[in-house]
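Input: a single structure, listed below in structure tokens.
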Amino acid sequence: MQLDKVYEPRRFEPRWAQWWVESGIYRAEYQPADSDKARPAFSLVIPPPNVTGSLHMGHMLEHTEIDVTVRWHRMRGDTTLWLPGMDHAGIATQMVVERQLAEEGLDRRAMGREAFEARVWKWKAESGGTIKRQMIQLGASCDWSRERFTLDPGLSRAVRETFVSLYEKGLVYRGEYMVNWCPRCRTAISDLETIHEETAGHLWHIRYPVVGKSDQYLVVATTRPETMLGDTAVAINARDERYRDLHGRMVRLPLMDREIPIILDDIADPEFGTGVVKITPAHDMNDFEAGKRHNLPMIQVIDESAKITLAGGSYAGLDRYEARERVVEDLKDLGLLDSVENYTLSLGKCSRCKTPIEPLVSKQWFVKTKPLAAKAIQAVDEKRIEIIPENWVKTWNEWMHNIRDWCVSRQLWWGHRIPAWYCDACGETIVSRTDPDSCSKCSGALRQDADVLDTWFSSGLWPFSTLGWPDKTDDLKHFYPTTLLITGFDILFFWVARMAMLGIEFMGDVPFRQVYIHGLVRDAEKQKMSKTKGNVIDPLIVTEEYGTDAVRMALLSGAAPGTDIAFTTDRIDASRAFANKIWNAARFILSNPDTESESLFEDLWIRSRFNECARQMNEAIQAFRYHEAAQTIWHFIWDDFCDWYIELKKIRGNWRWARTVFVDTLCLLHPLMPFITEELWHRFVEGEGKSISLESYPQFNLILFQPEEEEEMDLLQNIVRAARNLRAELGLDPKQPLEGKISIGIDAELLRRLCGVTFTRGDVPKTGAVRSTPDFDLSIDVPTGQIEAQRRRLEKERDQLMKNIANSQRQLNDEVFLSKAPAKVVDSIRAKLAEYEAQLAKIEASLNG
RNA sequence: GGGCGCGUAGCUCAGUUGGUUAGAGCGCCUGCUUCACACGCAGGAGGUCCGGGGUUCGAGUCCCUGCGCGCCCACCA
């Protein structure tokens, strides 16, 4: 079949993408562990993308790195499982659907829980396939027969089992604590879901009159004056001399006309502001703690929608920010506003909707994390979980050691309903694996907890819930612990940490042996890609334009561990050119007859180079050094194979060898560029239903190493380069045949074909167009008028050599160096010096001649 | 307030345990429509490895410090 001159990925990629899925060749089939045919297992679960989302460049990088590794393992003969799936993504998905409803003028509360859930499922059915289609298109070689969704019945059972079991162990509890409340989402969120942003604000200084001491005030500073409505104390530091006489007194809370105590507490920092702090136990995390220490009453003055409650007196019903203005106005009128200064504060916001968090006390479910974290810390310490790059271990430990209990209940409707029931009659709480009919204590009617679990609770079970847990399945036996996890640092705590804790707790073993943390894909200006900045690159669009392989290669070539990737179209251009290069190499090889003859030195040479390339590829992929793998194969194909080997084959046939090496090279490249390699492989290899992805991956083989041929090729290349360089320098017509002399014996015909100079062996003239190297001298016959450029070049070279010689001599005269440096280094300098001197002599002879 | 990372050619970045002439891609310059490929071929220019100090026979690489930039964590009113 005739191949096009330019590689058109669109003509081939969709077909292979589809076939890889339909043929089911990536299904992980294992033999019983005790059978002769049992192979080592390699398993990896996908970081499940949001079911209603679509792929972005970060996914593509992640999936490419995973796919390279997975394909490599598969080709090495491991029983390989890449388990795909999606996450229901509680808040994110619910928000999307709520927004849709809003556009239709609907509200979830009005339509009711069941109808709303049905609506989300409908949306999931519509959009849920997007990611899967995209992944398939990008060549992800996962096992779709094992695809999972966090809300599947099986996974829901795992969630319930985990929750109940944690409850029974006392690791899950319900209680009234201060939580991060998002007034817009109307739900509690975890610490991790709040982001802190530097925000311009004010520090209001307010006078609190001291009871029984007319005209004396305590001035408190606050960034949130509206919370004073709920103040139940002011605090001063016991060491603070200024307020010593006020110990035990009361102040009158302005606006509310309430007497509150002056307490002594370290919460007040004498160095900060006036050294006096107002205490609002119901609306500040610190104050909440202080309130508990001093048994202060807790007055909730802000409600779940961030409006002032009835307890806020005349301010009731106002939004918290309206209330703030009013409070400040009123204080001003009363002459109780001491001063206002500008102040930037770190304001906690909801990571989803950016609404400022309202700390509220509410009844929520928590996971007691300290005991779980301890085991996870230990696992990393003992390298049962290996985190790569290693510097993330520090971050891991830092977070794990300071972990706080995890608020897992969410006031949402989309998610796993908390398996807890309350009996209104007797107050009993029942947490159960199965839905109870009535109260086990008083047979009263039960009411299930209205809340759902944090999305990350179910994701935290992913490595084993997807394999069938809590049942004892064969999949679990074969694939747990999973071998590797490849993910981004942004979900290290959200997800990786939770999996580690829950995996160890419930499986008794780590969920993964290695975690590779990949970098971030940034835009050409190194900015983070984000929808709000509008600099996101849609993988589907670029792959459509350049081909999936080219984009994969572009990503991989920048994927050095521990670094982010600046994604530029230049890089993809280069990768596309690379794909085209391979395509044309294949085209050319195929256009030549598949004849065999005696193997020549270049055949042995290319095998030797290939062998070295294979060694490096294996090492690089093993170590997650994807950029190195990309560079290695790139260099081998373009420079060694195309520029030298094919050029030599043009001169003297034996295309059988070329075919063999090329097909093996396709195997080497396949994990990185699956489409073009699959397509081309089928042009060389017979067999319906076969796939290059099931071939074995080339390994280093000492037998193929050919030092002599490598040396000979080195010499040939140097001669050819020297001659070409000379021609270019002399400004000669590249096509003009030339004559020359060379000091060593070498295949003259080969040289003539490669550089257009017919060399005869013999004495090389000292002057004229001469090139000298330690290994050979050569000259080209040219009219004397054309060698001025050559002379300037020689002078430059001479200067460089003299500098090198001086350097080497200085070192060799240095006794300390001689005594301390390894003999290897000293010898190499001696050898170099000899070379420099010999060359210098030649050059000077030319110049003086 | 803690922690992590970055600063190497015009641009984007490699550089594994310190070893002697620091690499790649893109861009740039010169010459080639050579019968696989102009998404190509050949040749070339371009770097005081952010500044300063130190360890060492030897530092882009290790240590300290300064400057610039980025990120993460944290309940400082």
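Values below: every heavy atom of this structure, side chains too, minus hydrogens, waters and symmetry copies.
To the nearest angstrom, C1' of B/rA77 lies 15 Å from CD of A/Glu289. When rounded to the nearest whole Å, the span between CH2 of A/Trp399 and C1' of B/rA74 equals 14 Å. With rounding to whole Å, A/Ile403 atom CD1 is found 19 Å from B/rC72 atom P. Rounded to whole Å, atom C1' of B/rG5 lies 10 Å from atom CZ of A/Phe489. Straight-line distance from the CG atom of A/Leu726 to the P atom of B/rG43: 13 Å, rounded to whole Å. A/Gln616 places its CD atom 18 Å from the P atom of B/rA14, with the value rounded to the nearest Å. Going from atom CG of A/Leu818 over to atom C1' of B/rG19 covers 14 Å, rounded to whole Å. In this structure, the NZ atom of A/Lys824 is 14 Å from the C1' atom of B/rG58, given to the nearest Å.
Taking the P atom of each, B/rG27 and B/rA38 are spaced 16 Å apart, rounded to whole Å. Straight-line distance between the C1' atoms of B/rC49 and B/rG15: roughly 11 Å, to the nearest whole Å. One P atom belongs to B/rC32, the other to B/rG46, and the distance between them is 23 Å to the nearest Å. Nucleotides B/rG51 and B/rA59 place their P atoms 15 Å apart, quoted to the nearest Å. Distance noted for atom P between B/rU17 and B/rA74: 32 Å (whole Å). Across B/rC28 and B/rU12, the matching C1' atoms stand 16 Å from one another, rounded to whole Å. Separation of the P atoms belonging to B/rG31 and B/rA36 is 25 Å when rounded to the nearest angstrom. Rounded to whole Å, the separation between the C1' atoms of B/rU61 and B/rG19 comes to 11 Å.
Checked options A/Arg724, A/Arg721, A/Arg771; the residue passing with A/Glu729 is A/Arg771 (criterion: salt bridge (charged side-chain N to carboxylate O under 4.0 Å, His left out)).
Backbone-only engagement by A/Ala566 is indicated by non-hydrogen atom pairs under 4.0 Å involving sugar-phosphate atoms exclusively. As judged by a 4.0 angstrom heavy-atom cut-off over every strand, A/Arg721 is placed among residues touching the sugar-phosphate backbone only. Counting non-hydrogen atoms under 4.0 angstrom, A/Asn725 reaches the backbone sugars and phosphates but no base. Within the nucleic acid shown, A/Gln811 comes within 4.0 Å of at least one base atom, counting heavy atoms only. Using a 4.0 Å heavy-atom cutoff across all strands shown, A/Ile267 reaches at least one base atom of the nucleic acid. Among the heavy atoms of the strands lying under 4.0 Å from A/Arg625 are primed sugar atoms or P, OP1, OP2 only; no base atom is included. In this structure, A/Pro822 reaches the bases: a heavy-atom distance under 4.0 Å links it to at least one base atom across the strands shown. Using a 4.0 Å heavy-atom cutoff across all strands shown, A/Gly519 reaches no nucleic acid atom at all.
Remark: B/rG60 base-pairs with no nucleotide in the shown strands. Criterion, Watson-Crick or G-U wobble with two distances under 3.5 Å. Summarising the base pairing, B/rU16 is matched to no nucleotide, lacking a Watson-Crick or G-U wobble pair whose two defining distances lie under 3.5 Å. If you check B/rA42 for Watson-Crick or wobble pairing at under 3.5 angstrom, you find it paired to B/rU30. Searching all strands for a Watson-Crick or G-U wobble partner of B/rC4 with both distances below 3.5 Å returns B/rG70.
Put simply, A/Lys394 has a side-chain N or O that comes within less than 4.0 Å of OP1 or OP2 on B/rC4. Regarding contacts with the backbone of B/rA77, a side-chain N or O of A/Tyr343 is found under 4.0 angstrom from either OP1 or OP2. A sub-4.0 Å separation between OP1 or OP2 of B/rG5 and a side-chain N or O of A/Thr563 is absent.
Within a 6.0 Å sphere centred on CZ of A/Arg11, heavy atoms belonging to other residues, nucleotides or ligands number 12 at most.
Between A/Glu193 and A/Ser190, the side chains place a donor N or O and an acceptor N or O closer than 3.5 Å (distance only, hydrogens not considered). In summary, the side chains of A/Asp338 and A/Tyr217 do not present any donor paired with an acceptor at a separation below 3.5 Å, with no hydrogens or angles considered. Between the side chains of A/Asn804 and A/Gln800, at least one donor N or O lies within less than 3.5 Å of an accepting N or O.
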| query | Where do A/Phe636 and A/Met617 land on the side chain to side chain contact (heavy atoms under 4.5 Å, CB included) test, with the steps shown first? | reply | CA-CA 11 Å; A/Phe636 174 74; A/Met617 291 296 285; over 6 Å; no
| task | Would you please test A/Arg293 and A/Ile267 for side chain to side chain contact (heavy atoms under 4.5 Å, CB included) and show each step? | result | CA-CA 11 Å; A/Arg293 283 198 292 275; A/Ile267 194 174; 4.3 Å; yes
| remark: Reading nucleotides 23-37 of chain B from 5' to 3' and marking B where a protein heavy atom lies under 4.0 Å of the base, S where only the sugar-phosphate is that close, and - otherwise, the string is --SS----S-S--BB
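A salt bridge is defined here as a Lys NZ or Arg NE, NH1 or NH2 lying under 4.0 Å from an Asp or Glu carboxylate O, and A/Glu679 with A/Arg683 meets this definition. Taking 4.0 Å as the cut-off between side-chain N and carboxylate O, A/Lys832 and A/Glu835 do not count as a salt-bridged pair. Under a 4.0 Å N-O distance rule, the pair A/Glu795/A/Arg798 does not qualify as a salt bridge.
Of the candidate nucleotides B/rA77, B/rG43, B/rG2, B/rG43 has the atom nearest to the side chain of A/Ala728.
At a non-hydrogen distance threshold of 4.0 Å, nothing from residues 554-561 of chain A comes into contact with RNA chain B.
For A/Asp594, the side-chain hydrogen bond (donor to acceptor under 3.5 Å, both in side chains) partners at least two apart in sequence or on another chain are A/Arg656.
Nearest-nucleotide positions on RNA chain B for A/Arg576 and A/Asn391 put A/Asn391 closer to the 5' end. Position along RNA chain B of the nearest nucleotide to A/Glu398 versus A/Gln800 favours A/Glu398 as the more 5'-ward residue.
Ring centroids of A/Phe641 and A/Phe662 are separated by less than 6.0 Å, placing the two rings close together.
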